[in-house]
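Worksheet for the structure shown next.
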Amino acid sequence: FECLMPDSDTLALKKDFFVESPEVMLLSELKMESFEQAWGQPQKNATVEHRKITIDKEVFRYGIGSHAPSFMKFALPRSFNKFHATIGLDDESVGGDGASFIVLGDNRELFRSKRMYSTEKQTIVVDVTGVHVLELRLDEGDKHAKDFGHGDWANAWLEATRGKF
């Protein structure tokens with residue numbers, strides 16, 4: 001949203017919002033069937049340390065915060081064809097040897113990021129057509145450290161094409 005101010009300046013306002021419908025669902029609204037991670041527990045709509053999800057100074061209202069190495073498994077309640085997310089290491093996790101984000105569908109690798117480091121983020125759209133079990137993995141870099149590897153699956157949501165759910 002942009003607003004032109006009387007002094008000719010522009011005020012830009014960015015706010016996350018999500019309107020659920022039969023065609024879309026936030027991943028954080030799904031029950032996590034199982035998980036394992038190196039430290040703590042995955043958090044819905046927060047970082048692994050219970051803070052606001054923040055990647056490269058951008059704050060996200062929705063998503064899942066985890067800690068590398070980790071995996072989270074979700075049974076999809078209906079047919080979706082796309083998984084959307086912004087991935088990256090949370091700003092609370094500056095340093096370390098990076099992490100890779102991996103999406104699996106029914107035990108098949110559907111997406112693998114390059115090794116990502118602090119301040120890097122990537123918006124992904126992964127084809128999950130026909131997938132019944134979605135698994136999100138976070139692989140740590142070569143040097144594990146407790147204070148690093150806090151990975152975020154920010155604004156993570158699933159999409160179904162109209163008539164396909």
Check your understanding: Is there a side chain to side chain contact (heavy atoms under 4.5 Å, CB included) between F83 and V125 once you walk through the steps?
Key -> CA-CA 6 Å; F83 169 68; V125 180; over 6 Å; no
Shared hydrophobic cluster, [X] / [Y] (ILVMFWY, side-chain heavy atoms < 4.5 Å):
X    : Y    : answer
V128 : F71  : no
M32  : W153 : yes
L138 : I124 : yes

Point to revise | Side-chain H-bond candidate by donor/acceptor type, H150 with E92, under 3.5 Å | key: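 Short answer, yes.
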Check your understanding: With a 3.5 Å cut-off and no angle check, do the side chains of S100 and D139 form a donor-acceptor pair?
Key ->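 D139 and S100 do not have a side-chain donor-acceptor pair below 3.5 Å.
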Point to revise | Partners meeting salt bridge (charged side-chain N to carboxylate O under 4.0 Å, His left out) with E33 (sequence neighbours left out) | key: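 Partners of E33 under the salt bridge (charged side-chain N to carboxylate O under 4.0 Å, His left out) test: none.
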Practice item. For the pair E140 and H67, evaluate side chain to side chain contact (heavy atoms under 4.5 Å, CB included) and give the outcome as yes or no after the intermediate values. Key: CA-CA 9 Å; E140 65 185 338; H67 190 296; 6.0 Å; no
Taking every non-hydrogen atom, the tightest pair across [X] and [Y]:
X   : Y    : answer
I53 : A154 : CG2-CB, 4.0 Å
S28 : G63  : CB-O, 3.9 Å
S93 : S118 : O-OG, 3.4 Å
V48 : S66  : CB-O, 3.9 Å
S79 : A160 : O-CB, 3.4 Å

Would you check if the side chain of [X] reaches a backbone N or O of [Y] as a donor-acceptor pair within less than 3.5 Å?
X    : Y    : result
D152 : I87  : no
T54  : K52  : yes
N155 : T86  : no
E120 : Y117 : yes

Side-chain contact, heavy-atom cut-off 4.5 Å: [X] with [Y]?
X    : Y    : value
R78  : M25  : yes
H50  : Q43  : yes
M116 : F101 : yes

Point to revise | Steps toward side chain to side chain contact (heavy atoms under 4.5 Å, CB included) verdict (I64, L27) | key: CA-CA 8 Å; I64 297 179; L27 186 67; 3.8 Å; yes
Measuring from atom [atom1] of [X] to atom [atom2] of [Y], what distance do you get when rounded to the nearest 0.5 angstrom?
X    : Y    : atom1 : atom2 : result
L104 : L136 : CG    : CG    : 8.5 Å
F111 : I102 : CZ    : CD1   : 9.5 Å
Q41  : S70  : CD    : OG    : 12.5 Å
K82  : D127 : NZ    : CG    : 8.0 Å
K121 : D90  : NZ    : CG    : 11.5 Å
F80  : E23  : CZ    : CD    : 10.0 Å

Check your understanding: Relative to each other, are the rings of H84 and W157 parallel, tilted or perpendicular (30° and 60° limits)?
Key ->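 Aromatic pair H84/W157 classed parallel.
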Check your understanding: Are there more than 12 heavy atoms of other residues, nucleotides or ligands under 6.0 Å from atom NZ of K114?
Key ->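 Above 12, so yes.
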Practice item. Using a cut-off of 6.0 Å, state whether more than 12 heavy atoms not belonging to Q122 lie near its atom CD. Key: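 Above 12, so yes.
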Check your understanding: Can T47 and E49 be said to form a side chain to side chain donor-acceptor pair (under 3.5 Å), step by step?
Key -> CA-CA 5 Å; T47 70; E49 291 189 0; 5.8 Å; no
Check your understanding: Which residue, L30, V131, V133, forms the side-chain contact (heavy atoms from CB on, under 4.5 Å) with F74?
Key ->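 The single option meeting the side-chain contact (heavy atoms from CB on, under 4.5 Å) with F74 is L30.
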